[in-house]
Amino acid sequence: MKSQLHRLRDIPAVDTILNAPDLAPLLKAHPRWLVVDAVHGVLASLRQEIRAGRDLAAEEMSLATIIPRVAKTASEMGRYHLRPVVNATGVVIHTNLGRAVLPEEVLQQVMRVASHYSNLEYDLAKGTRGTRYAHVEDLLCRLCGSEAALVVNNNAGAVLLGLNTLAEGREVIVSRGQLVEIGGSFRIPDVMKKSGCHLVEVGTTNKTHPRDYRNAIGEQTAALLKVHMSNFEMRGFTREVSRREMVSIAGEAGLPLMEDLGSGNLVDLSTFGLPAEPTVQESVRDGVHLVTFSGDKLLGGPQAGILVGKKAILDRVKKNPMTRALRVDKMTLAALEVIARMFLDPPDAQRRIPTLRMLSTPPSALTARAENLARRIQSLAGDAFAVDIMEDLSQVGGGALPETPLPTCLVSLSTSRISVNSLEEAFRAADPPVIGRIRHDRFLLDVRTIQDEELETVARVAGEVAARAS
Ligand SMILES: *Cc1c(COP(=O)(O)O)cnc(C)c1O
């Protein structure tokens, strides 16, 4: 291979490019640092190609070629890193894709509060210092039927805080069947360790009896913990101690019972045709002393961890210095207040909260949406793809109702022009990225999680991918 190193001299200087008249529009559209970075990036890749021995044509080093490359790099660099994507996976509560899509009303309220000063920690009636937690506490108590409530950064934080408050340096009893790992490295035993309490495991993987808890209670016991199994189900020869039994075992021993509900559900899901999932209200009514759940799973709200329960316990939690470290932002509180108000009228919540709407979309509407999308794709992508409609199952996600199949409708794309992996990659590289899934050599778009106003966008992306594949 002949050395191409002498060609390095032919690469234009940075200043030559920056001063080129054709670059002026770029310098208008982007900050100077970004354009300079983009120029350096493009020149570095030219150098790399030369060092790798590629015989570059003179034209490839001309301003006419370099400037459009700089423009492309600059526009990629100018784009925000965190940006919207189309969720065509059918997983409704998708942690990797941002969990909840917030209702319009929530965004408007967040904007109103965040673009002004607010009474975040100011008591308007008294003209004195107030508390940020007051804005949603009464609302959450009314919704959950609890004596008190507190909101922190997320449910992992709520569990950590609850355990630390109730049992630092002492023992907490948990069933072996509930020592779960939730996605993203949240493991109950690890969280317990970090909270400073000692885990006492009772029962076996498949069976735990009331006597297992009773026998484990001793002088060092500070609390009993019940954990929602979230992302798996046990079937067959199993025995769990019911919540009511646990409340009475804890009561006999004068100990608090804490329950991590995970997803946290405030409405009767059977009205959506889903299996009944235990509600926060039931836990509170059964007498659980401290209940924790997420704000952005089945609630469809902002990321938050919500603690509800007995006033005496929440008073202790509020005084824990860890509460300050897990404090929620005003934007979260503004969003949560709107969401909580919606839940006071469940049919309203179902209409307005996208998570609930997506979970309860009837099959006929999904079929109609899939047909609509397929038609649009066919008209924009011509005959590049074989476009089919298929029936399949969506998932709730977020560690809620793991075994609940949600019948759905997919648009399936396949083509002989490129591999299915390249097809998936092309949709993922689009603007906005469209995230689907692959099965049996087909690229699948589940319309359950595609918003109506996104159908046109998905079809446009399909058209662009088709044009590039042909
Ligand atoms: C999801 C989940 C958590 C963690 O909640 P985040 O809001 O994601 O912090 C904790 N416990 C259970 C049982 C869960 O399902």
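Order of appearance sets the numbers: ligands from 1, and atoms from 1 within every ligand.
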Answer with yes or no whether Asp260 contacts ligand 1, where contact means a heavy atom under 4.0 Å from a ligand atom.
yes
From the candidates Gln303, Lys297, Arg99, His228, the one that places a heavy atom nearest atom 14 (C) of ligand 1
Lys297
Determine whether the side chains of Arg243 and Ser283 contain a donor N or O and an acceptor N or O closer than 3.5 Å.
yes
Is it true that Glu147 and Lys311 have a side-chain N and a carboxylate O under 4.0 angstrom from each other?
no
Gly262 N/O to ligand 1 N/O under 3.5 Å
no
Could you pull out all donor-acceptor pairs under 3.5 Å where a side-chain atom in residues 300-309 meets a protein atom, sequence neighbours excluded?
from: Gln303; atom 1: NE2; to: Asn153; atom 2: O; distance (Å): 3.3
from: Gln303; atom 1: NE2; to: Asn153; atom 2: OD1; distance (Å): 3.4

May I ask you to check if ligand 1 and Ser294 share an N or O to N or O distance below 3.5 Å?
yes
Any idea which atoms of ligand 1 are less than 4.0 Å away from a heavy-atom of Ala156?
4 (C), 5 (O), 6 (P), 9 (O)
Atoms in ligand 1 with a heavy atom of Phe186 nearer than 4.0 Å:
10 (C), 11 (N)
Distance-only donor-acceptor pairs under 3.5 Å for side chains of residues 325-346, two or more places apart:
from: Asp329; atom 1: OD2; to: Met331; atom 2: N; distance (Å): 3.0
from: Glu337; atom 1: OE2; to: Arg341; atom 2: NH2; distance (Å): 3.4

Taking all non-hydrogen atoms of both residues, which atom of Asp446 and which atom of Arg437 are closest, and how far apart?
OD2-NH2, 3.5 Å
